[in-house]
Each structure stands twice: as structure tokens, then as C-alpha cells.
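Let me begin by presenting the structure, written as C-alpha cells, before commenting on it.
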Number of protein chains: 2
Amino acid sequence: MTLLLGHAHEKTIQRTESFFHAGDAAARCFLLLEGHLKLGQITPAGEQGAARLIAAGDIFGWAGLMDDHSYPGTAEALTACRALWWETERMRQTLLATPHLALRLLALLGRRLREAESRLLDLATVRVEQRLAKALLRQPADLPLPLTRQDLAELCGTTLYTVSRTLRAWEQAGWLRLGRGSLRVLSPPALAALIQGPDAS
Amino acid sequence: MTLLLGHAHEKTIQRTESFFHAGDAAARCFLLLEGHLKLGQITPAGEQGAARLIAAGDIFGWAGLMDDHSYPGTAEALTACRALWWETERMRQTLLATPHLALRLLALLGRRLREAESRLLDLATVRVEQRLAKALLRQPADLPLPLTRQDLAELCGTTLYTVSRTLRAWEQAGWLRLGRGSLRVLSPPALAALIQGPDAS
DNA sequence: ATCGGTCTTTGCGCTGGCGCAAATAACATA
DNA sequence: TATGTTATTTGCGCCAGCGCAAAGACCGAT
């Protein structure tokens, strides 16, 4: 553990800045200490595609450890972020020297993998409405995150238009309150009910 | 390495049999030596959902190592399969004792994770036609795998109806030959062209 | 206050893909 | 060869969601 911390660097960035961009050489791996960021993928055509949120305590940017030489996504801060980082090569050494750390990492990655596969399942079998509800409920209750409609669309695999229309309908039902880049869920139960299925009265 | 092999068990199953089912206690982890199998997820409603193929040389069923106590999916043999397996607990010990193995595993998992996220991106941004074409091209050229239309649908996130219609159209265009649970791609270039975009002449 | 940029909403038309239902084809078993 | 089972095809209708375009709303900076 001292070995780990001894080699750590620290970096702070502001909202809209990035720790790295898709395609950059994957020479560092990160642990987020404070803030929230968006890990976004780009389509071959260059548009924004899927995205994931990273919260304090999560790791990100570990592609370099896995034989990959560039980051597959962009790590953009949604709020001011403070993170620890290590050089990928040195981290590899550290992991070899402290196997229980490697196991810990394995567990984290495994969780991510299952998360991703669960999202795949949802994307293939579940309606936008329900995916969006899930995405909202996953967030901290008051959700101070400055997520644009576009961000939400990427998070649940749809378009900003559909997100806007759906959120608006929910606002008019009194289930949440919208603002520009802000959103407060007033009635989590209502959303939770939607997830089960809109047809279930 | 001798430590690893020393604790290995072997198991062989026939087509349509399974190494484990979704929900089973995740007490073992596997390495496929021969054959092909389908790792399929089930929706909460009980229907078939997404799926992934596993080929000889791939590992599967490692959920237990990652703090998960049951398998998230079902591992069903598409062809006769032979696999090595270890008790999850013992594998954990082995990994602690042989860090480079843990790193190797980390790399494998990382590749999987990126694969899954790439599929997410596709699912959100790309048409069924193109996803299906990709799925076919990923397979061994002659594709002796007995994949049903339902299987293919799960692999690329659509329905068996759409798969059937699409494949039929391609067969009539002369790009492949269909059979019950068999499929031979006659013109990979034609499919590859489709992936770039049907509008590109 | 004003201006420019970004984000959001909403009308409108359209279509890709879903999914039931029913016919057909391929296989397995005895 | 007959019979039940499972896989596949296809007609048909339908609708969720897309995406352009244009109009607002909000924000920050000067």
C-alpha cells in the first residue's frame, strides 16, 4: 500500500476539462478522489456515442494495463475533479508486487463488465422510457450533476430529442423538476414503477 | 503454472448441455479447450436476452472471483465442449501466489470490457443490418456453428424475425447460403461494404 | 443591457423494426 | 413411414423513437 501511494501523482481539473481524450496514448491510470466525470465514447463517424459516469472512489483510464495502447474514450469532468494517477508501467510493477491489489482490481473490473452486459441486455430488451428512469434513479437523489439532455441520451442509448420529450412529460406529471443542466427527482417511486412496466397499473 | 494445472479439473459436455445456469452459485471458473458455447443472459421477465460466444482458448464463468456469488448468465454448448475448471476459492489463492497470472487475467477482462462497451456503442448508434453483418464476419469463415435465428438475434440485439428477414434478403442477393442452424458466408466483401453504410454506393 | 453561444423544447413526418399469427420446412424418434 | 417437435419464413399492421428545423430559454461576458 505504501508502494502504491508512494508513486501516486495528483491532478485537478475543472468542469469541461478532460483527464484524457479518446485515442491518447494510455500511459496513465486514474483513481477519482473528488467530483464526477463522464467517460464518453465516440462513433467512428465522430459523433458522441455511449457514455458512463464515474464517481469519487471509482477508477478509470486503465486501458493501458490491458495491452491497449490508447484510451477508448474521453474522460471529461462534469464537476471539478481531483484524481490520483500512476504511470501505467509502474502500476504494472506494483500489481506484480502486491497480488491482493491485483485481485481487488480484478473484482472492480468484473463489476464493470457485468454492469456493461446488463446495460446491453437493457438496451436490447427494454424501452427508452425505462432505461431513462433507471439512469435517473442510479444517480444521487438530488442529482446536482450538470448533465445535458445529450449526456443523458448517451447514458441510456437514445437521442437528446427523446430524452427532452420524456423528461418534460415527467415534469408535467410532477415527478421531477427540470432546469438547464439540472434535474431533481421529486418522486422516485413513480419512476421505479415505470421500470417495472408502464402497463402494470 | 504447475500450481495452476495441478488443481485443474476437466469436464466435457454435449451440445445443448450447460456448464452452468444463470443464478447458480459461482463456485467454479472455466477455460474452454474445445468447442463453442453461448453465454446467454435472461431478462427479468424470463426471456432470452443478450448473448456472447465463447471459443476455444477463452475463459468464462469467472464471476465468482469478483465478489459475485452467482453466475449472471448461462453457458450452453453449441458444439461438444471440453473445458478445464477450478474451484473459485482455490483460483483466488493461485492468483495471489502467481501475480503475473493475475495480470494476464486482468488483460483478458479488460479486453472483454472494451468489447462490451463497443457493442453498447453499436447498439445505440448503428442499424440492425450492420450489427448483424458484423456478427457474421466475426465468426469463423465457414461458420459451422449451429446458431439459430434466435441466437443471432441475441448476439446483435434484435429479434429473430428481423434476423430471418435480413438473412433471407442476403441469401437472395447471393451473399450467403442458409440452412436450418447453419450459414455460410459466400461474399464477405459484400457484408463488409454494408458495415460501412448501405448508402455508400 | 445587450449580444452570442449553448441548451432545450416541440411540431411534424417518417420509417425501421417489432411481433402476432399462420404456413411451411427440417429434423428426430420410434 | 408416420408423427410430434422445433426452426424458419413471411404477410400484415402498427408504433416507438428518430431527426430535421425552428423557436424559445438560459447563461456568461463585456
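Numbered from 1 within each chain, the chains take letters A, B, ... in sequence-line order. What you see is a predicted model; the values in this text were computed from it and never measured. The basis for the numbers below is simple: all heavy atoms, side chains too, and nothing from hydrogens, waters or symmetry mates.
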Under 4.0 Å between a side-chain N/O of B:Thr162 and OP1 or OP2 of C:dC18, yes or no?
-> yes
In whole angstrom, what separates A:Arg168's CZ from C:dG11's P?
-> 10 Å
Distance, rounded to the nearest Å, where A:Arg127 contributes CZ and D:dG17 contributes C1' = 11 Å
note: B:Leu176, atom CG; D:dT8, atom P; distance rounded to Å ~ 14 Å
Given atom CG of A:Leu123 and atom P of D:dA16, what is their separation to the nearest angstrom?
-> 18 Å
Going by heavy atoms in the side chains, are A:Arg119 and A:Leu123 under 4.5 Å from each other?
-> no
Looking at every strand, decide which applies to B:Ser164 at a 4.0 Å heavy-atom threshold: base, sugar-phosphate, or nothing.
-> base
What's the CG-P distance between A:Leu167 and D:dG17, to the nearest Å?
-> 14 Å
Walk me through it: do B:Arg92 and B:Glu89 pass the test salt bridge (charged side-chain N to carboxylate O under 4.0 Å, His left out)?
-> CA-CA 5 Å; B:Arg92 192 191 306 275; B:Glu89 254 329 301; 3.2 Å; yes
Most 5' of A:Ala124 and A:Glu171 on DNA chain C, judged by nearest nucleotide | A:Glu171
N/O (side chain, A:Thr158) to phosphate O (OP1/OP2, D:dC18) under 4.0 Å = yes
With side chains defined as the heavy atoms from C-beta onward, is the minimum distance between B:Glu47 and A:Thr125 less than 4.5 Å?
-> no
Specify the separation, in whole Å, of atom CZ of B:Arg165 and atom C1' of D:dG11.
-> 9 Å
Mapping A:Val126 and A:Arg180 to their closest nucleotides on DNA chain D, which lands nearer the 5' end?
-> A:Val126
Nucleotide C:dG13, atom P - distance to OH of A:Tyr161 in whole Å | 17 Å
Determine the interplanar angle of the B:Phe19 and B:Phe30 rings, folded into 0 to 90°, and report it as parallel if under 30°, tilted if 30 to 60°, perpendicular if over 60°.
-> tilted
A:Arg149 CZ - D:dG19 C1' separation (whole Å) = 18 Å
Is the closest side-chain heavy-atom distance between B:Arg28 and B:His9 below 4.5 Å?
-> no
Is A:Thr159 near enough to D:dC18 that one of its side-chain N or O atoms lies under 4.0 angstrom from OP1 or OP2?
-> yes
